[in-house]
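Structure record follows, encoded as C-alpha cells.
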Amino acid sequence: MTILQVQDVGFRYSAQWVLKDISFDVGKGEIIGIIGPNGSGKTTLLKLLDGILFPQEGDVRIQGTSIRRIKRQVLARLVAVVPQETYMIFPFRVAEVVLMGRSPHLGRLVFEGKRDYQIAINAMEKTDIISFADRKVHQLSGGERQRVWIARALAQEPQIILLDESTAFLDIRHQVGFFELIKSINKQEGLTVIVVTHDINLAAQYVDRIILLREGKIYEMGEPEKVITESNIAHIYETGVLVDKNPVSGRPRVTLLGSHPPEGGSRLKSGAAPQL
Ligand code: ADP
C-alpha cells in the first residue's frame, strides 16, 4: 500500500531550482534512504515531505491527500521529524521533551492524560532512555539526545518518521545503534521510515530502497544493489571507490580508494583502504 507519493515536484528558494522533476512512491512500512553530495537537495526534500516547505511544481500526497490540504495538527499525527540538530537551549527534562510529542493529539488547552503519559513511557522504553527520564536534555551526549528525539517522534504516533542525517555526530557504535533502533521500530510498529544520511554503507545495510540525488534530481532510485554501484558512486561523488559485497549481509559495501587506485583494474583486498 502506498503511503506517500511525490509527484513531479519542483522547488526553488529563489530563482534557481533546487529540486526538479522529483517523483517517487513510498510503500507503508518501507525504509527509504536518501543519499547524495552536499547541496544536492536532501534536506529540502525532507522539508517538502513534512510540509515545512511547499513545492512550486507538482505535489506531495500522504495517504492520497495533498499535503497542502492537511491541517498542521493532523499532519503532525501522520509525520514526525527527527532533525539534524537536536540541541535545545531551554533546559527541559527528557520526559517533558518526549511528552511534547503528544501535543498533536491534544485539544486546545487540554493537558496530557494517563494514556499520553503511558505512550511517552513506552516510547522511552523502546529507545532505552527511561533511566535518564529526569535529566535535563542539554546535559546529554549527542547520541542520548538523539534517542530523546526519536522517543518524542514515537510518542507522536506517526505513520511516517523522517530522520535528517542523524548519525552525523555519532561514533560508530551509536551509528549502528541508531540504525538498529530504527529497524526494530520499523519492524515492530510497521512505521514507514525516510532517512537522509551521508553513510552510504550503513544505508546499504539497513534500508529497503535508496534515492540517490544529484543537483536536485533523482539520479537513481531502487534497491541498494541497483543504486550503490562503482560507477554511480564514483560519478556522483567524484571520488574513486570500490564496491563489493559485505561478506556478512551480502549488501553492497563501498571502500574509498583515495590515492590508491586498483592497479590494472585489480581489486583491493578488503580493509586496504578506509571505509566510507
Ligand atoms: P543537502 O541537504 O543535500 O546538503 P540542501 O537541501 O540543504 O542540500 O540544499 C540544496 C540547495 O538549496 C543548496 O544549494 C543550498 O544552498 C540551497 N538552500 C538550502 N536552504 C536554503 C535556504 N533556506 N535559502 C536559500 N537556499 C537554500
Side-chain angles (χ1 to χ4, degrees), residues 4-26 30-62 67-68 72 75 79-87 89 142 145-146 149-150 153 160-170 175 178-179 182 192-204 206-222 224 226-229 231-239 241 252 254 256 276:
L4 177 76
Q5 292 161 288
V6 177
Q7 301 170 325
D8 302 319
V9 158
F11 178 83
R12 52 190 160 94
Y13 290 99
S14 50
Q16 203 180 352
W17 292 98
V18 165
L19 291 169
K20 194 79 177 148
D21 304 325
I22 304 285
S23 294
F24 60 91
D25 288 355
V26 177
E30 263 196 299
I31 304 185
I32 302 285
I34 302 176
I35 62 171
N38 292 334
S40 56
K42 303 181 296 294
T43 299
T44 304
L45 179 56
L46 224 52
K47 287 179 178 167
L48 291 166
L49 304 184
D50 184 38
I52 294 171
L53 299 172
F54 292 100
Q56 286 91 1
E57 286 182 349
D59 203 5
V60 174
R61 292 176 168 270
I62 297 175
I67 202 164
R68 294 170 196 281
R72 193 70 231 169
L75 188 60
V79 183
V81 182
V82 177
Q84 203 172 105
E85 181 44 73
T86 53
Y87 186 75
I89 295 169
R145 227 166 36 231
Q146 184 188 58
W149 275 81
I150 295 174
I160 303 170
I161 189 163
L162 307 176
L163 303 121
D164 192 0
E165 276 176 356
S166 306
T167 57
F169 307 110
L170 303 182
Q175 283 178 17
F178 166 83
F179 274 95
I182 292 306
T192 306
V193 178
I194 300 176
V195 55
V196 165
T197 179
H198 273 301
D199 198 316
I200 302 175
N201 279 321
L202 279 175
Y206 287 95
V207 310
D208 300 315
R209 285 191 298 153
I210 294 181
I211 296 171
L212 173 57
L213 285 182
R214 183 200 188 209
E215 293 174 3
K217 293 196 169 187
I218 295 181
Y219 185 80
E220 188 87 82
M221 175 166 187
K226 181 184 168 201
V227 178
I228 300 177
T229 63
S231 63
N232 280 351
I233 301 302
H235 181 58
I236 298 294
Y237 290 90
E238 296 171 13
T239 302
V241 294
V254 179
L256 294 174
L276 264 191

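One-based numbering, in listed order, for ligands and for the atoms of each.
Counting heavy atoms from C-beta outward, Ile62 and Ile160 have side chains that approach closer than 4.5 Å.
Ligand 1 is surrounded by Tyr13, Val18, Pro37, Asn38, Gly39, Ser40, Gly41, Lys42, Thr43, Thr44, each with at least one heavy atom closer than 4.0 Å.
Glu220 pairs in a side-chain contact (heavy atoms from CB on, under 4.5 Å) with only one of the listed residues (Ile35, Ile228, Asn232), which is Asn232. Looking at Ile211, Val6, Leu48, Val60 one by one, the single match for side-chain contact (heavy atoms from CB on, under 4.5 Å) with Ile22 turns out to be Val6.
Atom CG of Leu46 and atom CG of Leu163 lie 8.0 Å apart (nearest 0.5 Å).
Checked for salt-bridge contact, Glu215 and Lys20 miss the test: no charged N lies under 4.0 Å from a carboxylate O.
Proximity of a side-chain donor or acceptor of Lys42 to a complementary backbone N or O of Pro37 within less than 3.5 Å is detected.
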